[in-house]
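What follows is a short report on a single structure.
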Amino acid sequence: MRTATLGPAERTEALAAMAERELDVLVVGAGVVGAGIALDAVTRGLSTGIVEARDWASGTSSRSSKLIHGGLRYLEMLDFALVREALKERGLLLERLAPHLVKPVPFLYPLQHKGWERFYAGSGVALYDAMSLSSGHGRGLPVHRHLSRRSALRVAPCLRKDALVGALQYYDAQMDDARFVTTLVRTAASYGASAASRARVTGFLREGERVVGARVQDVEAGLAYEIRAKQIVNATGVWTDDTQALIGERGQFHVRASKGIHLVVPKDRIHSTTGLILRTEKSVLFVIPWGRHWIVGTTDTEWDLDKAHPAASSADIDYLLEHVNTVLSTPLTRDDVQGVYAGLRPLLAGESDATSKLSREHTVAHPVPGLVVVAGGKYTTYRVMAKDAVDEAVHGLDPGVSPARSAWGRVAPCVTEDTPLLGAEGYRALWNARARIAARTGLHVVRVEHLLNRYGSLTEQILDLVAEDPALGEPLAAADDYLRAEIVYAASHEGARHLDDVLTRRTRISIETFDRGTRSARECAELMAPVLGWDDQQIEKEVEHYEKRVEAERESQRQPDDLTADAARLGAPDIVPI
């Protein structure tokens, strides 16, 4: 395996390498599906490249509910195949593929009706557990249990006594979605894939009817590349229709965007040892444990405005507060909200007018020779979507040309079910040795646990930075959950190109502090500067841009509706290099 470093030099080399020779597969879009496709393709022996117009996971894949779950509500929709598939993937991630990143999380479902509701909901949760166990990968989570009202209030004292007559508790899993995608990309790179962010596809190369490559603009350096590939996979999520339009062909399906917003509040505002799942008139509402915080979400409304920066309006925030407060003994107010984020779900357009009723099934198509399109699906099943997309791409490869042919003349089958992500191997052994690591490094054991659950066995690389410069072992002044070394590492190893990448995706400072990261901006920019070659002028520009971004988001969240919120959010332009 090659190095998994995604620093500035590696990015430049990756773009040059992709332009130098024809690839088997070029992936467009580095959300969780695109990153999964790159890993799937390269581990089959295919020469693979992946390009992303902005940052890894900068769209949908950094703005989810941070859950890896089967989807209890899909059982009610009788979508048993989707739930079974998702539960198998949840088990694989917990047990084998990413135990350092994916963790069990308990949820309490308050019952509001005696008798029938316990039987109805209990049957659904029992089926959920049974399907998980039958997948062969569900033994890592406790099974559900029934609770009386008194027992429920003991584990969740935050609940109003009149809001429940009893409860069910069950388990799902969670992860940091943006960190997961970055790890996927780095894993693909370690097996030989070429990866470049801030590399925008501006058009496709064609020979007759066949798509044979893509024109790619290096947004950072202003250079243009022509990257040729036997198969291109369009994995651009809510941008699928826009990317499809670049070839001048109508797609075989269309993708609709559904907006979901989430609130982040401090841990002490909701007194509970478990997450909560509540019914609303449209969908379900989650209260999800998130370190020293809670995530409250989500909404589910159609969105047809700016896709890059979906905005949360005042009405969205009021909706979540109103619904969660129906069960809380001490209601949440606007003053309790530390962070707000909005994301767009890519849903396959159907006959339903309500996006909450559209299926999360995915579709793979081959609209023209040389181009595969994958869309729909859900975060948890990214690996299955990736496998299906690469299978489709393989059908279009010339069997007499592909260097990935096996002895039988076929490209190797998918192996990602048995390919752990970077940091997974050795994670459990290091976790067991965390007290020794703390003693050796001088860090508190809680700090070591924090690092292990973000980097797994790659934690040693962070500790090496601290050993070289002990000042990097200090926490950030205004965001003390994170070490200074993590900021340097984000730029040197994880492909962070701008301050926004670090504060919103490599860390979650932008939603975990009341100042939204503005007090940490300068310290982080100064830590990134030596790695990325920034001078004082670029540091100032990065800080100023981030401050404008935060102010634009705050202003959008004061607006009454989507249209005015979108206009306010667009008040802050995207960062570009000097």
Side-chain angles (χ1 to χ4, degrees), residues 15 18-19 23 25-38 40-41 48-63 181 185 193-207 209-219 224-258 303-310 343-349 362-377 382 385-386 388-390 392-393 396 574:
L15 283 168
M18 285 188 276
L23 299 168
V25 176
L26 174 65
V27 185
V28 181
V32 69
V33 176
I37 291 168
D40 188 297
T48 304
I50 180 169
V51 292
E52 162 59 43
R54 297 187 293 159
D55 184 29
W56 317 127
S58 55
T60 301
S61 295
S62 61
R63 308 177 193 186
V181 173
V185 175
S194 297
S197 63
R198 310 282 179 184
R200 183 184 304 276
V201 170
T202 58
F204 290 104
L205 306 174
R206 299 188 75 158
E207 291 181 359
E209 290 298 310
R210 188 174 189 85
V211 173
V212 296
R215 296 184 185 89
V216 176
Q217 180 78 21
D218 179 352
V219 179
Y225 296 87
E226 288 193 352
I227 300 175
R228 300 181 71 84
K230 298 184 181 73
Q231 291 287 305
I232 293 178
V233 184
N234 174 6
T236 51
V238 294
W239 287 273
T240 297
D241 292 1
D242 303 86
T243 310
Q244 195 76 353
L246 293 176
I247 62 168
E249 302 276 352
R250 289 192 60 182
Q252 296 179 14
F253 50 82
H254 294 285
V255 174
R256 288 170 62 180
S258 166
W303 179 265
D304 57 7
L305 301 170
D306 179 63
K307 296 186 183 77
H309 306 292
L344 300 177
R345 305 176 189 89
L347 302 179
L348 294 177
H362 67 273
T363 294
V364 176
H366 222 136
V368 295
L371 180 68
V372 173
V373 182
V374 57
Y382 82 89
M385 295 175 67
D388 291 348
V390 177
E392 185 67 27
D574 281 342

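Start at 1 with the first residue, then count along the sequence. From a predicted model like this one, the values you see are computed outputs, not experimental measurements. Values below: all heavy atoms of this structure, side chains included; hydrogens, waters and symmetry mates excluded.
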Nearest-0.5 Å distance that lies between atom [atom1] in [X] and atom [atom2] in [Y]:
X    : Y    : atom1 : atom2 : answer
M385 : T363 : CE    : OG1   : 8.5 Å
R256 : R345 : CZ    : CZ    : 13.0 Å
F204 : R210 : CZ    : CZ    : 13.5 Å
E209 : I247 : CD    : CD1   : 10.0 Å
I227 : R215 : CD1   : CZ    : 12.5 Å

What heavy-atom pair brings [X] and [Y] nearest, and what distance separates the two atoms?
X    : Y    : answer
Q231 : G396 : NE2-O, 3.2 Å
A375 : T240 : CB-OG1, 4.1 Å
V185 : A35  : CG2-CB, 3.7 Å
V219 : A53  : CG2-O, 4.2 Å
A389 : V233 : CB-CG1, 4.2 Å
Y225 : A19  : CD2-CB, 3.7 Å

Passes side-chain contact (heavy atoms from CB on, under 4.5 Å), D388 versus V374? Steps please. CA-CA 9 Å; D388 291 348; V374 57; over 6 Å; no
Partners of [X] by side-chain hydrogen bond (donor to acceptor under 3.5 Å, both in side chains), sequence neighbours excluded?
X    : value
E392 : H366
E226 : none
T243 : T236

Salt-bridge present (K307, D242; N to O < 4.0 Å):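 Yes.
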Kindly write out the residues that satisfy side chain to side chain contact (heavy atoms under 4.5 Å, CB included) with [X], not counting sequence neighbours, or none if the list is empty.
X    : value
A30  : I50, E52, W56
D241 : H254, V255
A57  : S61, S62, A178, V181
A229 : L23, L26, I232

[X] vs [Y] side-chain heavy atoms within contact, under 4.5 Å:
X    : Y    : answer
V51  : V201 : yes
V216 : M18  : no
P346 : T60  : yes

Tell me every residue that passes salt bridge (charged side-chain N to carboxylate O under 4.0 Å, His left out) with [X], counting only those two or more places apart in sequence or in another chain.
X    : answer
R198 : D501
R228 : E207
D306 : none

Between H309 and D574, is a side-chain contact (heavy atoms from CB on, under 4.5 Å) present by the stated rule, with each step listed? CA-CA 10 Å; H309 306 292; D574 281 342; 2.7 Å; yes
Check the pair R206, V368 against side-chain contact (heavy atoms from CB on, under 4.5 Å), reporting the backbone distance first and the verdict last. CA-CA 10 Å; R206 299 188 75 158; V368 295; 4.1 Å; yes
Donor-acceptor pair, distance only, cut-off 3.5 Å: does the side chain of R63 make one with the backbone of S58?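 Between the backbone of S58 and the side chain of R63 there is a qualifying donor-acceptor contact (under 3.5 Å).
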